[in-house]
Amino acid sequence: MKVTIIQSDIVWGNPSENVRSADEAIDRNPGSDLYILPEMFSTGFCTCPEGIAEPSDGRTLEWMKSKASETDAAIAGSVAICENGRYYNRFYFVKPDGNVTTYDKKHLFTFGGEHRQFTAGEKRVVVEWREVRILLEICYDLRFPVWARNRGDYDMIIYVASWPTPRIEAWKALLTARAIENQCYVAGVNRVGTDPSNEYCGGSRLIDPYGRVVEACEDNSQSEKTADVDMMALKSFREKFPVLNDADYEDFQ
């Protein structure tokens, strides 16, 4: 499966401009099976979503559906959503046929106040796409390895993020750790630029199950990179070195 990671410079609170930018980034990288955008890619990360959040069937999701159909690819990224009077940081995984899988961020960023306005998700979500099983995660989820523990039910994790520059080394180290300990591919897609609270330098990358960086975007640069998820190699590695058979598990139900 061919994956394109899109490290974008998000314009604060401007969905039209950010969607246009994402559309152009996808067009610059034709032929992928999956395009991954950062956390809250249409607005920038917000902890006060009133006036910014979209309805669950809003314009950003409609664009994702249209673009997925146009490119015969899946489009992934999170959006600030208002649904039934509650706000969610919602990961959308949109397939070309219009099928939408959602994951609501479990670990809200309490240090930044995200928990004051947003409602935490409760369900761990795995979606299958072109024979790859993918666990959906958002930013701060990365710091909680039990939530991401591979129970033999996925082959890849996606982390979409707005991870600030001062903690970027933690981002890079934890992405690598999640790949190694779960014997899977990890795609971490972070933004660049600034918002009213933080500065972001990127660090977006695709990591293989050995912890090696397959492809990475340049820091402090709006850019896209494309690489392959090699399922034959992953299967062979798991058979030769079956680490997951000895794993500890928690009951997430």
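When reading the values below, keep in mind they use all heavy atoms of this one structure, side chains included, and skip hydrogens, waters and symmetry mates. In this chain, residues are counted from 1 in sequence order. If you're wondering where the values come from, they're calculated on a predicted model, not measured in any experiment.
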(message) For the residue pair Thr226 / Thr4, report whether a side-chain donor-acceptor contact shorter than 3.5 Å exists.
(response) yes
(request) Output the distance between atom CD (Gln183) and atom CG (Asn150), rounded to the nearest 0.5 Å. (result) 8.5 Å
(request) Determine, stepwise, if the pair Lys65 / Val100 fulfils side chain to side chain contact (heavy atoms under 4.5 Å, CB included). (result) CA-CA 8 Å; Lys65 289 180 177 179; Val100 179; 3.7 Å; yes
(message) To the closest 0.5 Å, what do you measure between CG (Leu136) and NZ (Lys123)?
(response) 14.0 Å
(message) Quick check on side chain to side chain contact (heavy atoms under 4.5 Å, CB included): which of Glu114, His107, Glu39 does Cys139 satisfy it with?
(response) Glu39
(message) Do Ser42 and Asn18 pair up side chain to side chain, a donor and an acceptor below 3.5 Å, judged on atom types alone?
(response) no
(message) Taking Lys2 first and then Asp33, would you say they form a salt bridge - that is, a charged N and a carboxylate O separated by under 4.0 Å?
(response) no
(message) Enumerate the salt bridge (Lys or Arg N to Asp or Glu O under 4.0 Å) contacts for residues 182-196, please, sequence neighbours excluded, ordered by first and then second residue.
(response) Asp9-Arg191
(request) Taking Asp155 for its side chain and Arg133 for its backbone only, find out whether a donor-acceptor pair lies under 3.5 Å. (result) yes
(request) Looking only at non-hydrogen atoms, find the nearest pair between Cys46 and Pro49 and report the distance. (result) SG-CA, 3.9 Å
(message) Give me the atom names and distance for the closest heavy-atom approach of Pro55 to Ile81.
(response) O-CD1, 3.6 Å
(message) When you measure from the side chain of Thr165 to the backbone of Cys201, do you find a donor-acceptor pair of N or O atoms at a distance under 3.5 Å?
(response) yes
(message) Looking at every non-hydrogen atom in both residues, tell me the closest pair between Lys106 and Gly121 and how far apart they are.
(response) CD-O, 3.3 Å
(message) Has Asn29 got a side-chain atom pairing as donor or acceptor with Ile26's backbone, closer than 3.5 angstrom?
(response) no
(request) Compare all side-chain heavy atoms of Cys184 with those of Ile157 and state whether any distance is below 4.5 angstrom. (result) yes
(message) Using modelled atom types and a 3.5 Å cut-off, is there a donor and acceptor pairing between side-chain atoms of Arg178 and backbone atoms of Leu142?
(response) yes
(message) Atom CZ of residue position Arg130 - does it have more than 12 heavy atoms of other residues, nucleotides or ligands inside 6.0 Å?
(response) yes
(message) Looking at Glu24, I'd like to know if its CD atom is crowded, meaning that more than 12 non-hydrogen atoms belonging to other residues, nucleotides or ligands lie closer than 6.0 Å.
(response) yes
(message) Taking CZ in Phe144 as the centre, count heavy atoms belonging to other residues, nucleotides or ligands within less than 6.0 Å. Is the count above 12?
(response) yes
(message) Holding to ring-ring contact (aromatic ring centres under 6.0 Å, His included), I want the full list of residues that pass it with Tyr210, two or more places apart in sequence or in another chain.
(response) Phe237
(message) Using modelled atom types and a 3.5 Å cut-off, is there a donor and acceptor pairing between side-chain atoms of Arg124 and backbone atoms of Trp147?
(response) yes
(message) Between Arg212 and Ile207, does the side chain to side chain contact (heavy atoms under 4.5 Å, CB included) criterion hold? Intermediate values first, please.
(response) CA-CA 5 Å; Arg212 300 174 300 202; Ile207 302 169; 5.9 Å; no
(request) Of all the heavy-atom pairs spanning Ala187 and Ile36, show the shortest one and how long it is. (result) CB-CD1, 3.8 Å
(message) Assess, by modelled atom type and distance only, whether the side chains of Glu54 and Thr60 contain a donor and an acceptor separated by less than 3.5 Å.
(response) yes
(request) Using the side chain to side chain donor-acceptor pair (under 3.5 Å) rule, pick out the option among Thr102, Asn89, Asp104 that qualifies with Ser78. (result) Asn89
(message) Using a 6.0 Å cut-off, check whether atom CZ of Arg86 has over 12 heavy atoms from anything other than its own residue.
(response) no
(request) Test Met1 against Asp230 for side chain to side chain contact (heavy atoms under 4.5 Å, CB included), laying out the working first. (result) CA-CA 7 Å; Met1 184 176 72; Asp230 188 337; over 6 Å; no
(request) Keeping to residues at least two apart or across chains, list the ring-ring contact (aromatic ring centres under 6.0 Å, His included) pairs with something in residues 160-190. (result) Trp163-Trp171
